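This chain uses plain numbering: 1 for the first residue, then up along the sequence. Please read these numbers as outputs of a predicted model, since none were measured by experiment.
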Amino acid sequence: MGLKAAQIYVNLPVKDLNKSVEFFTKVGFEFNPQFTDENATCMVVGENIFVMLLVEEFFKTFTKKDIADATKSTEVIVAFSANSKEMVDEIVHKALAAGGMPSNEPVDHGFMYGWSFQDIDGHLWELMYMDESAGNQD
């Protein structure tokens, strides 16, 4: 059997931790105060999925590489599922209203629907809804 992680932690550098927490709170995320200080916070995405938002100077302590300017280049797209098309739209609209930027236009394949946005640091986020029952029909 292959590797199966019990939890996933995505680490993202941010310029201003307080502004990032404010932005993602408006989008609808919650944070684990147990793993939050002036350098980092743990954003809860799902039961076993977390995004660590790390102040750039702190993030640099984990790598010898330069931090990419997410407003100019892309290294990762954080993608996750939503329970409905309406939830995809709601989350993207909240992100845009909170100061995020549009990324791509919504994509609707009938059984699969997705839309994306950029957070205030330029990181790309994509939400997808897939109608499992539609994919099983012949």
Side-chain angles (χ1 to χ4, degrees):
M1 182 180 277
L3 173 68
K4 295 199 181 204
Q7 298 177 327
I8 293 176
Y9 291 86
V10 175
N11 295 279
L12 292 177
V14 299
K15 296 190 183 319
D16 185 317
L17 186 60
N18 291 331
K19 286 183 180 178
S20 292
V21 169
E22 181 181 344
F23 171 81
F24 285 110
T25 298
K26 289 178 181 176
V27 174
F29 290 103
E30 294 180 359
F31 297 84
N32 184 337
Q34 190 175 9
F35 299 107
T36 299
D37 62 20
E38 68 279 358
N39 288 313
T41 188
C42 179
M43 185 168 76
V44 180
V45 177
E47 185 176 336
N48 297 310
I49 305 166
F50 309 93
V51 173
M52 297 299 299
L53 302 175
L54 309 173
V55 174
E56 286 182 346
E57 287 303 313
F58 184 59
F59 187 92
K60 287 179 184 178
T61 66
F62 296 96
T63 181
K64 294 177 183 166
K65 294 182 177 184
D66 291 336
I67 295 176
D69 181 346
T71 64
K72 297 179 181 174
S73 60
T74 300
E75 183 176 38
V76 66
I77 299 172
V78 180
F80 58 95
S81 62
N83 295 330
S84 66
K85 289 181 181 183
E86 294 77 20
M87 180 181 271
V88 169
D89 290 345
E90 177 184 341
I91 293 170
V92 173
H93 285 295
K94 284 180 179 179
L96 297 177
M101 300 287 294
S103 183
N104 291 321
E105 294 297 316
V107 176
D108 192 344
H109 296 290
F111 71 97
M112 188 169 66
Y113 178 76
W115 198 8
S116 56
F117 64 90
Q118 298 176 56
D119 67 22
I120 60 174
D121 287 289
H123 302 295
L124 300 178
W125 296 78
E126 183 174 73
L127 288 102
M128 297 295 293
Y129 165 70
M130 189 174 322
D131 183 349
E132 301 279 339
S133 65
N136 294 334
Q137 296 175 359
D138 291 335

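Looking at every heavy atom in both residues, Pro13 comes nearest to Ile67 through CG-CG2, 3.6 Å. Across Tyr113 and Pro106, no two heavy atoms sit closer than the pair OH-CB, 3.5 Å. When all heavy atoms of Leu17 and Asp37 are compared, the closest pair comes out as CD2-O, 3.4 Å. Nearest heavy atom pair, residue Gln118 against residue Pro102, reads NE2-O, 3.1 Å. The two residues Thr71 and Gly122 make their nearest non-hydrogen contact at CG2-CA, 4.1 Å. Nearest approach of Ala82 to Val88, heavy atoms of both residues: CB-CG2, 3.6 Å.
Looking at heavy atoms from C-beta onward, Ser116 lies out of side-chain contact with Leu127 at the 4.5 angstrom threshold. Side-chain contact between Phe35 and Thr41 is absent, with no heavy-atom pair separated by less than 4.5 Å.
More than 12 heavy atoms of other residues, nucleotides or ligands lie within 6.0 Å of CD in Gln7, so this atom counts as buried by the packing criterion. For Glu56, the CD atom sits in a packed shell: over 12 heavy atoms of surrounding residues, nucleotides or ligands are nearer than 6.0 Å.
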Working for side-chain contact (heavy atoms from CB on, under 4.5 Å), residues Ile120 and Lys19: CA-CA 8 Å; Ile120 60 174; Lys19 286 183 180 178; 3.8 Å; yes
Side chain to side chain donor-acceptor pair (under 3.5 Å) between Asp121 and Ser20, intermediate numbers included: CA-CA 8 Å; Asp121 287 289; Ser20 292; 3.3 Å; yes
Chi angles and distances behind the side-chain contact (heavy atoms from CB on, under 4.5 Å) call for Phe31, Val44: CA-CA 6 Å; Phe31 297 84; Val44 180; over 6 Å; no
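Comment: Asp131 does not engage Lys85 in a salt bridge, judged by the lack of any side-chain N to carboxylate O separation of less than 4.0 angstrom. Ion pairing of Lys26 with Glu22 is present here, as a side-chain N (NZ or NE/NH1/NH2) and a carboxylate O approach within less than 4.0 Å.
Residue Met87 is not grouped with residue Met128 when hydrophobic side chains (ILVMFWY) are merged at heavy-atom distances under 4.5 angstrom, including chains of intermediate members. Tracing side-chain contacts under 4.5 Å through hydrophobic residues (I, L, V, M, F, W, Y), one never reaches Met130 starting from Ile49; they form parts of separate clusters. The hydrophobic cluster containing Val10 also contains Phe80, counting ILVMFWY residues as joined when their side-chain heavy atoms lie under 4.5 angstrom apart, directly or transitively.
Between Phe58 and Phe62, the ring center distance clears the sub-6.0 Å criterion.
The aromatic rings of Phe50 and Tyr9 lie parallel to each other, their planes meeting at an angle below 30°, with 60° marking the opposite boundary. The aromatic rings of Phe24 and Phe29 sit perpendicular to each other, their planes meeting at more than 60°, with 30° as the lower class boundary.
The ring-ring contact (aromatic ring centres under 6.0 Å, His included) pairs that include a residue from residues 87-110 are His93-Trp115, where partners are two or more places apart or lie in different chains.
A donor-acceptor pair under 3.5 Å is absent between the side-chain atoms of Thr74 and the main chain of Val76, judged by distance alone. Between the side chain of Thr36 and the main chain of Asn32, a donor-acceptor pair closer than 3.5 Å is present. Judged by distance alone, with hydrogens and angles left aside, the side-chain atoms of His123 form no donor-acceptor pair with the main-chain N or O of Val14 at under 3.5 Å.
Take Tyr129 and apply the ring-ring contact (aromatic ring centres under 6.0 Å, His included) test, not counting sequence neighbours, and it matches no residue.
When hydrophobic side chains of Ile, Leu, Val, Met, Phe, Trp and Tyr are connected at separations under 4.5 Å, Leu124 ends up clustered with Ile77.
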